[in-house]
Each structure stands twice: as structure tokens, then as C-alpha cells.
Amino acid sequence: MENQTRREFLKTMGFAAASVGTLSVLPSCTSLGQTWRAERKQPNIIVIISDDMGYADIGCHGCRDIATPNIDSVAQNGIRFTNGYVSCPVCSPTRAGLMTGRYQQRFGHEFNTGPPPGGLREQVGLPLTEVTMADVLKSAGYVTGAVGKWHLGIAPHFHPFKRGFDEFFGFLHGGHSYIDPSLGTFNPILRGTEPVDEKEYLTDAFSREAVAFVERHHNEPFFLYLAYNAVHTPMQAPQRYKGSFKHITNPKRQVYAGMLTAMDEGIGKVLAKLRELGLEEDTLLFFVNDNGGPTGANGSRNDPLRATKGTMYEGGIRVPFMVQWPGRLKAGRVYNHPVIALDILPTAAAAVGVRVPRDRKLDGVNLLPYLTGKKKNSPHESLFWRSAQNHAVRKGKFKLVKMGGETGLFDLSSDVGETKDLKAEQPDVLKEMEKTYERWNSQMIDPAWTIQRRKRKTTKKKKKT
Ligand code: CA
């Protein structure tokens, strides 16, 4: 973007004048190169997000029937969050929170974006008033790329190109076939804005594109957002794993194992490329899953957590979440204070040395001082969730859940499975938690659109996307 245009763009996006000012002296992205990297030690940023994976389905969470050595390696090379959350138990709002560092209820992105009926297509998507993580990193001269599932709006003005990304390969809706990506003209695989006739198993195609992005931009600071739709339905594994998971008796989970293995291997290829190019030390890489496993739909497992995707229980919102940055963060540790995917943006911005927008409230916290041990306290006093009439709040060891009209109070330090309701025993805690929630809730706005569901001719079971 030409400097003047970018300056105006950033001004309208609410960036501080000082931050905007630095852009005018920056050379173009391609000429920044290794000199800048060597002098400033500005890390590359990679955020890998999986879709509908179970909490229990990685080796470092105790999974024994499916191997995930590459995802596990991120925890081994970095830090695993044992109380890692996303801001919603379904796909699109979680992405809206991650991409902005803000509770998505601040800007009405409370529900999934699709499939929107009729004219709503133009209004349903990450509001254009929001500044994305790609906007922030682009303002620091980073080249930015999104690969995979977008799910933040399908109208042209919501396209990744309009939200800070220089490159895009993927699809705009909430889900996609893996085995014949050319199926379905309404939701094609796009390179940029153009449909492509992709033949490869979709997870492999996304891995291929992610590796190519790293290769293409290894001489300049980059931000890669790699959003696999694995292991979301439809249940389709690559042919090469046929017969590989005979030890798994549940047929759905057998297929799930193939889908998960393909993603894990793809992540391994990205990690290997970083090592090959000597970039591993200087790359801050997050792995997070977007919501709890929908166990019945895809054969995932969330144990020992309660319930599934779509709920305010831990099985809906506590997810595999880890970070590595070998050049800065000590390897092989676990971090137990609650953190949330909203923290990724401010952490990445701090690592890069760029300011986040100051004209709005960011809910995410820069985790670096906590992860280096400089700060010992919890990054968040409380965490909050809201989806229509359901909500939850986590404060210290306690969690209040309002789900389907039922209220529950749980002590997660002794009862991570949320089996023992303490509201009768701890009325004062209950009252305090409710007050805390109401204070937060009063800052949020009403949803900008209603829950979006596909209309079916024969309405059986309503599905979340
Ligand atoms: Ca999801």
C-alpha cells in the first residue's frame, strides 16, 4: 500500500499517530529482509488454528489412540496452556475474537456468520469498524497471508484482502469438502479472489500453501494465519490412511484419526520448513483449536471436560492451546493461569514492537511478561463468555455457568469436569460471580445478527456450523 494511503487507512483504523508515523520511514516489505530481522529481531508470527478438535485428542493431553507428534512438539519446544480458552464455543465468533483481541460481543459478532439468508450476506461478517491482527502486523511492515477457512463474512468487503491480508488461499464459508474441493460453486476454493480447481486433499493443500508462503517470504518479516478446517465435518480422511487405524473401534473416530493425522503431518511440514530456512528461533508460533469437540458429530473426545462444542461448559471452550518461540521462551513448560485466544494479538504485537489500536478496549493481554516469568500473577482477573441466553464467567478457581436456563457454580481447581454444583454451598461466591458477569455484560452490545442456520426442506436436527 502506498504510504499516504496506508497512513490514512491506519488513521481511520484508530492507530496512534506515532505508530502511523513510523510507516513513512519504513522501506517496502520486500526490502526489509534479513537486515531488519537481524537488527531488530522482529519475529515472524504464525497462528495455526484447528477446527472442532477434541480437548483430549492430542498426545500431550493424554491421547493414546491417535498420534500427534507435530502438534505435541510445539508444547515441547515452548509452553502449553493448561487453562487455555477461546472466546466462544463455535467457529466464527472465536475467530472474530482472535482476529481483533476483543470480546466479539463488543461489536455484535456473537453468532456464526452463515449461511446468511438473502440480503443479509452484505451485513453478516466481521464488522468493518474492527482492526484485525493482520492490519496491526501489516502496519509494522509485515507481509500477511491467510490460508484455510475464513468464516468472517462472504461478501466482497469482508474478504481477507480487505482485512489486512496480502495473500489468501482458502474458502470463505464455515466448512468444506476435503476430497473434492471443486464441489460446490457457492463456496469455491479461492486463490486471492479467483476460484481454483484444487485436486489435492484439502488439508494437504492448505499445508502445501502454508509451506509455500513461508518459503516465498523467508527473507522478510511475515504473518501467516493457517486456519485448517480439519477436523470439522464432513468426515473424510485421505485415502493413504485407509486401514491405518484398525485399533480404533468407533468408525467415525477412525475417519477422524485420518483427518487429524493429515493436519498434524501438515503442521510438521510447516515446522520443518521453518527449521530448514533457519527461521524457527525467530518465529513466534501459536497453535489453538477454535472450540470444543462436537463428539457425536466427528468422533472427537473432550474428556475429562464436560460437554461439547456449543456449550459454556469446559468441553465447549477450553481447548488445546500452546506457543513456541525458541529464541525467547524456554522450552517444555506448562502455564496454568487462565489465558484466552484474545491474548494472541497483543502478544504478537508486543513481540513485533508495534502498537495495538488505542481508541478501543482490547480484552487480550500481552502474555510475554507472564511467559518469561517477569510477572507472576494471573493475566486475567476474569474471563467471560456469552451466546444468546447462555453465559459463563471464570474468576480464579470458580466458574459460573448459565446454560439452558440452569445455573451452576463449579470449583475448577478440584472439579475440572464440572460435576459438583456449589451454588447452594457457596451463595456469596455465586452472588459475586453474577455481579462480575453483569458488570462485563453491561459493556457489551446486542448481537448484530441472529443465529444463522441453514434452512432445510426436511428439518431434522438443527446443526451448528
Ligand atoms: Ca469450529
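Numbering of ligands and ligand atoms starts at 1, following listing order. The figures here come from the full heavy-atom set of this structure, side chains too, leaving out hydrogens, waters and symmetry mates. Index from 1, following the sequence.
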Please report, to 10°, the angle around the Ca ion (ligand 1) from atom OD1 (Asp52) across to atom OD1 (Asn291). 90°
Quick check for you: with the Ca ion (ligand 1) as the vertex, what angle do SG of Cys91 and OD2 of Asp290 span, to 10°? 90°
With no hydrogens and no angle check, just 3.5 Å: does a side-chain donor-acceptor pair link His159 and Thr193? no
Say whether His380 and Asp343, considering side chains only, have a donor N or O and an acceptor N or O under 3.5 Å apart. yes
Cation-pi geometry met for Arg306 and Tyr313 (6.0 Å, 45°): yes
Is any side-chain N of the basic residue among Lys399 and Glu314 closer than 4.0 Å to the acidic one's carboxylate O? yes
Which atom name would you report as the N, O or S atom of Asp51 nearest the Ca ion (ligand 1)? OD1
